[in-house]
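In what follows, a structure is listed as structure tokens, so that the remarks can point back to it.
Values reported hereafter were calculated over all heavy atoms of this structure, with side chains retained and with hydrogens, waters and symmetry mates removed.
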Amino acid sequence: MIVKMKKVSLVVLDETKKQSLKILRKLGLVHLETVEGQGEVLAGFRDSFTKTERALGILNDVKLSKKEAKSIKQVDVSMEEAIEKSSQVINLIERKKSLFDQIGQDAQELDRFTQWGSVNPEDFAEIAKTGVFLYMYEMPEKKYPELPESARTVVVNCSHGIVRFLLISTEELTNRPSYMPAEAYEVPLPDYSTDQIVQRIEDSKQEITKIDAEVAANVKFKKSIELCQKKLASDISFETVNSGMECDDKLAWITGYVPVDSVDNFTNACKENSWAYAVSDPEDDDETVPTKLKNNKFVSLIYPLTDFLGTVPGYKEYDISGWFLLFFCIYFGMIFGDGGYGLLVTALVALMMIKNLIFRKKNPPLLPLALLLGLSTVVWGLVSCTWFGLPADKLPSWLVNLSVKPISSAFPKGSNQLTTDQNLQILCFSLALIQLSIAHIKGIITNRRSLKLLGELGSLMQLWGMFYVVLMLVVSSKVFALNKIVYGIPIGYVCVALIAVGFVLSFIFSNYEGSVVKSILESCKNIITVLLGVVNVFSDIISYIRLWAVGLAGAAISNTVNNMAAGILGDSAAPIVVHAIMFVLLVVLLVFGHGLNMILNLLSVIVHGVRLNTLEFSSHLGMTWSGIKYEPFSNKESDNDEQSA
């Protein structure tokens with residue numbers, strides 16, 4: 001459930017502001033409204049934080065051998081020293097970048113004189129002192145004979161149709177000679193001799209090697225820098241509030257939110273510290289109310305996934321954690337689609353949890369969720385008779401008998417005039433009907449004191465009517481015919497009537513806010529959206545067929561891997577050495593093929609399994625996931641870091 005919040009305002013003396021904030025942070029209950037911090041102190045903290053962040057990024061990229069990594073012993077240093085070490089690491093990397101730039105420029109300069117050999121500008125200067133001036137030129141070999149006889153030149157070499165020559169002059173040329181063809185290119189002298197450039201490149205490479213060694217030597221300070229960074233993050237959080245509080249000459253005040261069950265603790269702290277405070281309910285138009293979820297341990301298993309996705313329901317939206325967990329487990333099993341894969345996941349996670357138990361380590365929150373998802377995949381493998389893509393005739397009979405015949409791969413012809421694939425499609429659409437119906441039932445309950453519930457009822461009627469239309473159009477038009485009679489009831493026409501009546505109810509009451517006329521006018525204003533709403537119901541139900549399609553693709557890949565593996569075995573009369581090689585190849589193929597398939601299935605779950613909960617289901621609930629996570633002003637993390645340091 002979403003914990004109710006109270007809006008609180010706190011007023012303290014300006015001279016005690018900093019001390020009061022320290023007490024408030026230690027209390028760790030108030031989620032503060034965003035404030036804009038300012039000042040030199042905050043700027044200094046942010047600058048230092050940026051330095052530590054950059055330094056850690058550099059140190060994390062240092063490549064060390066396993067032996068070197070084990071030999072490094074972390075050295076504890078003060079915050080000031082950690083910041084200084086961060087600056088040193090950054091300066092080293094900046095120097096390394098400048099050296100690489102210089103090497104690139106020098107290499108480019110050398111490339112200009114590849115065909116000229118060794119060039120030294122000092123030699124040209126010495127010759128010029130004797131009254132002879134030399135200029136380097138390149139031009140097409142075909143154009144060289146066009147030079148007049150008065151042009152004194154010395155050919156250096158000729159290659160690839162280009163002639164290189166020295167132009168000799170008894171006076172210094174300030175302009176290009178008029179007789180020189182346009183195709184002739186004067187080669188500017190380098191600033192340094194080519195030998196010096198070569199040496200400079202070598203010196204730069206040696207310095208880069210030394211810099212890498214110096215950076216690697218700073219890895220021993222990484223933990224201290226990490227602790228410093230966390231402390232700086234805490235300082236930034238505190239100083240942002242401290243410098244951003246509204247204040248006048250004598251008073252300072254700030255606003256935030258406290259969970260209802262913690263209000264007494266907050267008010268007691270205010271009384272103990274002689275703070276002035278006010279407590280009220282959040283306003284209807286208040287968009288800054290944070291969301292705090294509170295569920296039992298089982299439902300909380302879904303939190304690692306929602307935290308990874310960054311999905312937070314709005315304060316006035318629904319907490320669908322329980323439904324999310326239930327349907328995600330079902331979708332995970334169907335998309336993974338293989339009980340054998342489920343056994344592997346379950347066994348691997350169980351071993352990790354047992355190992356943590358033996359070494360008395362706390363299991364990460366993700367492991368229990370992974371164990372539950374693995375078990376859900378095993379259950380799907382049991383009911384659908386899918387085990388490592390093996391055909392049913394290769395499986396034990398007891399395992400086949402445990403499967404559910406209409407959706408079991410052991411009975412591809414299915415039952416009741418429908419194939420197994422058609423039955424699986426019906427299952428997918430039935431899951432859509434159940435999940436989306438839950439959304440509208442929740443809407444009816446929420447709006448039970450308003451005529452808006454009739455709008456939700458209309459959406460529910462459209463959903464049920466459209467369900468039959470989907471079965472008729474996608475699964476089988478014969479089994480689910482429009483004129484089908486069930487117990488004397490023309491079920492097809494009844495469903496069409498449900499869609500029509502549901503549309504009318506939704507049109508009239510979906511925007512109800514105290515006036516039916518205004519609700520109808522609002523629907524008229526958005527008539528295109530209202531009409532498309534019927535189409536959206538159809539497409540949302542159809543969307544659930546992805547569970548069958550993706551599971552089918554995974555099964556096809558699994559079956560292909562098995563067929564390839566069967567072809568490797570070859571002739572039974574082959575030598576034993578050949579059999580050994582074939583066996584190794586067989587194992588490699590099976591591990592790689594099924595492993596790749598599991599990875600692809602995992603990606604499919606993230607894309608498709610999550611989508612059905614956060615898009616289709618949520619859109620019918622009217623959820624936008626625009627919530628702000630409840631994060632109280634607290635120093636618990638920094639305190640723990642300081643203790644560990």
Leu612 vs Phe617, side chain to side chain contact (heavy atoms under 4.5 Å, CB included): CA-CA, chis, key distance, verdict: CA-CA 6 Å; Leu612 294 176; Phe617 183 42; over 6 Å; no

Note, Gln425 side chain near Cys428 side chain (heavy atom, < 4.5 Å): no

Rounded distance [0.5 Å steps], CG in Asp338 versus OG in Ser384: 8.0 Å

Main-chain N/O of Lys442 paired with Thr446 side-chain donor or acceptor, under 3.5 Å: yes

Side-chain (Ser476) to main-chain (Val479) donor-acceptor, under 3.5 angstrom: yes

Validation row: Leu29, Pro632 side chains within 4.5 angstrom (heavy atoms): no

Trace of the side chain to side chain contact (heavy atoms under 4.5 Å, CB included) decision for Ile499 with Met466: CA-CA 7 Å; Ile499 296 173; Met466 197 63 73; 4.0 Å; yes

Sub-6.0 Å ring centroid separation between His594 and Tyr341: yes

Side-chain donor or acceptor of Thr377 paired with backbone N/O of Leu373 under 3.5 Å: yes

Lys355 atom NZ: more than 12 heavy-atom contacts under 6.0 Å: no

Gln435 (side chain) donor-acceptor with Ala432 (main chain) under 3.5 angstrom: no

Modelled atom types, side-chain donor and acceptor of Ser543 and Arg546, under 3.5 Å: yes

Stepwise side chain to side chain contact (heavy atoms under 4.5 Å, CB included) test for Lys484 and Tyr468: CA-CA 11 Å; Lys484 185 179 181 67; Tyr468 190 83; 3.4 Å; yes

Main-chain N/O of Cys329 paired to Ser376 side chain as donor or acceptor, under 3.5 Å: yes

Heavy-atom donor-acceptor pair, His31 side chain to Gly256 backbone, under 3.5 Å: no

Side-chain donor/acceptor of Gln74 to backbone N/O of Lys223, under 3.5 Å: yes

Atom of Gly333, atom of Trp380 and distance for their closest heavy-atom approach: O-CD1, 3.3 Å

Residues Thr288 and Tyr257: side-chain donor-acceptor under 3.5 angstrom: yes

Short side-chain to backbone donor-acceptor contact, Glu317 and Thr624, under 3.5 Å: yes

Quick one: side chains of residues 343-352, donor-acceptor pairs under 3.5 Å with protein atoms, not counting sequence neighbours, listed by atom name and distance.
unit_1: Thr346; atom_1: OG1; unit_2: Gly342; atom_2: O; d: 2.7
unit_1: Thr346; atom_1: OG1; unit_2: Gly374; atom_2: O; d: 3.4
unit_1: Thr346; atom_1: OG1; unit_2: Leu375; atom_2: N; d: 3.4

Crowding at CH2, Trp323 (>12 non-hydrogen neighbours, <6.0 Å): no

side-chain contact (heavy atoms from CB on, under 4.5 Å) partner of Leu471, the single match among Val474, Leu473, Val469, Val475: Val475

Full working for side chain to side chain contact (heavy atoms under 4.5 Å, CB included) between Ser321 and Thr306: CA-CA 9 Å; Ser321 300; Thr306 54; 5.9 Å; no

Nearest-0.5 Å distance that lies between atom OG1 in Thr614 and atom CZ in Phe328: 10.0 Å

Min side-chain heavy-atom separation Trp464-Cys495 under 4.5 Å: no

Heavy-atom closest contact (Met353 atom, Pro368 atom, distance): CE-CG, 4.4 Å

Trp625 CH2: over 12 foreign heavy atoms closer than 6.0 Å: yes

Asn295 side chain to Tyr303 side chain, donor-acceptor N/O pair below 3.5 angstrom: yes

Under 3.5 Å: donor-acceptor pair, side chain of Thr240, backbone of Ile236: yes

Qualifying residues under side-chain contact (heavy atoms from CB on, under 4.5 Å), relative to Ser408, sequence neighbours excluded: Cys385, Ser403, Ala410, Phe411

Any donor-acceptor pair under 3.5 Å from Asn363 side chain to Asn356 backbone: no

Side-chain touch Leu27/Phe633, heavy atoms, less than 4.5 angstrom: no

